[in-house]
Number of protein chains: 2
Amino acid sequence: MLDRKTSSKTEILDAAANCFMELGSDVASIDDIARTLGATKGRIYHHFSSKGALLSAVRMRAIMFILDEVTPIVNNSEAPINTLHDMAYTHVLKILETLPYHRVVLQHYRKNAAKSTTDYERKLISEIEAKRQLYENLYRDILEQGMKTGDFIKRDISVALHSVLLMLNSPVFWFTPLKKNERKNREEIAKQLADMAVACLR
Amino acid sequence: MLDRKTSSKTEILDAAANCFMELGSDVASIDDIARTLGATKGRIYHHFSSKGALLSAVRMRAIMFILDEVTPIVNNSEAPINTLHDMAYTHVLKILETLPYHRVVLQHYRKNAAKSTTDYERKLISEIEAKRQLYENLYRDILEQGMKTGDFIKRDISVALHSVLLMLNSPVFWFTPLKKNERKNREEIAKQLADMAVACLR
DNA sequence: ATCAAGCATACTACGGAGTATGTTGTCAAC
DNA sequence: GTTGACAACATACTCCGTAGTATGCTTGAT
């Protein structure tokens, strides 16, 4: 079945995300990931052409989690403040749900290229970069709009943009999921961060 | 001379910081760093017992840059808002001056331990962690004080603390130094970030 | 019965950390 | 001003982990 195939793939992706998260994507080996699955290299290389391709798949999945969730919000034609608050809240909540993936992403926020990458892997990376740009622009548009209407203080758009986005990603660095009150706790964190994100723009 | 020795050491540290920054501390090899210096492994292993020790030295130097600069500010007995603004401004400015070091630090914000570390390296890491805690508490104290006096809105202290600190570190992710108007540009960025840091707490 | 998908097993090749040893300059003592 | 000794490196190795490959095996669909 095609269903069985994608299921096996996402299982690999989940395991890879966890290993990359814990050891770092450079240190974690394919064997480590396979061991987590109770499998061997063969399974992984059957689905992914290289370690770089697997890593890119993890990063792409991470950004698509967020992009799919936040994109529908931007066109609700409310005030910029409310729209931004909505976007921020949704962003944080989704990140907390898919934490390992975003830990991996942040490891590569600045790392440009590994030592030797193939053309194919470079293509994957540029596709990820494109999606990231797309997502960034959602916020850039809201910020510009809000500064025009006077809802937001006029600041350097680039400084404000990156600062807010990184603040929304900050739980990635410190959040540790607990069983107790999990859902409620996440919502509270998302609310607070969304509040702060809006507050620092006024 | 002892002077000549420390000079050679800091030269190695600068080169290591740059290599670790560009390639990531796992990918960058000792040979890479040596090549940057126009030297060989021998020079590096003469001053540092292992790659982990070198990395720890870079991270320690990074945090000491900031700690030495910001610590004197906290006891100026001004209003919490002004004190925090001062701390934030100084923090950002110093970070922009010693950027490569802090890029390395942020690569390890979450990465706990490599695959195999010696006792000695674990000791170095715990010393770094202690300094980091020390620095974090400078902000924690100001935040608690400000929330008590009503200067700051009451929020979860941990969420607010980490969010603000990460926002102050955000330039590490996107800032690219230019020759043109360098000093002025940095001061402007530091001012804006300090403003935003204070704003998001009110 | 066949054949390919979906793996496992057993190998190769290579880069990088660490080491053992050689080399050069410098200073100190006599 | 010669010798000894040590610091500050360079050179030439070893050894091991890991990415990638080549090939073998099993199961389910047709």
Side-chain angles (χ1 to χ4, degrees), chain A residues 1-16 19-20 22-58 104 111 113-122 124-125, chain B residues 1-16 18-20 22-58 104 107 111 113-122 124-125:
Chain A
M1 284 294 173
L2 240 118
D3 211 25
R4 205 86 188 113
K5 177 169 186 174
T6 58
S7 154
S8 177
K9 262 188 115 168
T10 59
E11 201 182 323
I12 293 175
L13 286 172
D14 286 345
C19 282
F20 287 155
E22 284 170 11
L23 297 170
S25 58
D26 298 315
V27 175
S29 70
I30 300 288
D31 287 317
D32 288 334
I33 300 170
R35 201 176 309 125
T36 302
L37 290 164
T40 63
K41 291 165 101 104
R43 179 173 170 191
I44 294 176
Y45 276 100
H46 179 74
H47 290 279
F48 300 93
S49 61
S50 71
K51 184 182 178 181
L54 174 57
L55 176 57
S56 288
V58 170
V104 176
K111 196 182 303 175
K115 247 160 185 179
S116 64
T117 38
T118 69
D119 285 2
Y120 172 63
E121 286 174 8
R122 264 188 290 274
L124 291 179
I125 290 175
Chain B
M1 283 297 171
L2 241 116
D3 211 25
R4 206 89 186 109
K5 177 169 186 174
T6 59
S7 154
S8 177
K9 261 188 117 171
T10 60
E11 200 182 323
I12 293 175
L13 285 172
D14 286 345
N18 276 293
C19 281
F20 287 156
E22 285 171 10
L23 297 169
S25 58
D26 298 315
V27 175
S29 70
I30 300 288
D31 288 314
D32 288 334
I33 300 169
R35 202 175 309 124
T36 303
L37 290 165
T40 63
K41 290 164 104 101
R43 178 172 172 193
I44 294 176
Y45 276 100
H46 179 73
H47 290 278
F48 300 93
S49 60
S50 71
K51 183 182 178 181
L54 174 57
L55 175 57
S56 287
V58 169
V104 176
Q107 289 176 6
K111 197 182 301 177
K115 247 160 185 178
S116 65
T117 37
T118 69
D119 285 3
Y120 172 64
E121 286 174 7
R122 262 188 292 276
L124 292 179
I125 290 175

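Keep in mind that the numbers below use all heavy atoms, side chains included, and drop hydrogens, waters and symmetry copies.
The shortest distance between the side-chain N/O atoms of A:H46 and the OP1/OP2 oxygens of C:dC7 is not below 4.0 Å. Distances shown here put every side-chain N or O of B:H47 at or beyond 4.0 Å from the OP1 or OP2 atom of D:dA7. Residue B:S8 places none of its side-chain N or O atoms closer than 4.0 Å to OP1 or OP2 of D:dA8.
Distance check: A:I44 CD1 to A:S8 OG gives 9.5 Å after rounding to the nearest 0.5 Å. The CG atom of A:D32 sits 6.0 Å away from atom SG of A:C19, with the distance rounded to the nearest 0.5 Å. Distance check: B:Y120 OH to B:I125 CD1 gives 11.5 Å after rounding to the nearest 0.5 Å. Atom NZ of residue B:K9 and atom CG of residue B:D14 lie 13.5 Å apart, to the nearest 0.5 angstrom. Here NZ of A:K51 is found 8.5 Å from OH of A:Y45. Values are rounded to the nearest 0.5 Å.
Minimum atom distance to the side chain of A:T40 is reached by C:dT9, of the listed C:dT19, C:dT9, D:dT21.
Following rounding to the nearest Å, B:Y45 (OH) and C:dG22 (P) show an atom-to-atom distance of 21 Å. What separates CG of A:L54 from P of D:dG20 is a distance of 11 Å, to the nearest Å. In this structure, the CG atom of B:D26 is 18 Å from the P atom of C:dG15, given to the nearest Å. As rounded to whole Å, 10 Å separates atom P of C:dA17 from atom CD1 of B:I44. Rounded to a whole Å, the CZ atom of A:R43 is 19 Å from the P atom of D:dT26. One can place CZ of B:F48 at 16 Å from P of C:dT19, the figure rounded to the nearest angstrom.
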Distances under 3.5 Å only, N/O to N/O: pair up the protein atoms with those of nucleotides 2-4 of chain C.
none

Report each atom pair, protein N/O against N/O of nucleotides 16-18 of chain D, whose distance is under 3.5 angstrom.
from: D:dT18; atom 1: OP1; to: B:K115; atom 2: NZ; distance (Å): 2.8

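The two residues B:I33 and B:I12 make their nearest non-hydrogen contact at CG2-O, 4.4 Å. Between A:V58 and A:A16, the shortest heavy-atom distance links the atoms CG2-CB, 4.0 Å.
Judged purely by atom type and a 3.5 angstrom limit, A:E121 has no side-chain atom pairing as donor or acceptor with the backbone of A:S56.
With respect to A:R43 and A:E11, a salt bridge is recorded, a charged nitrogen being found less than 4.0 Å from a carboxylate O.
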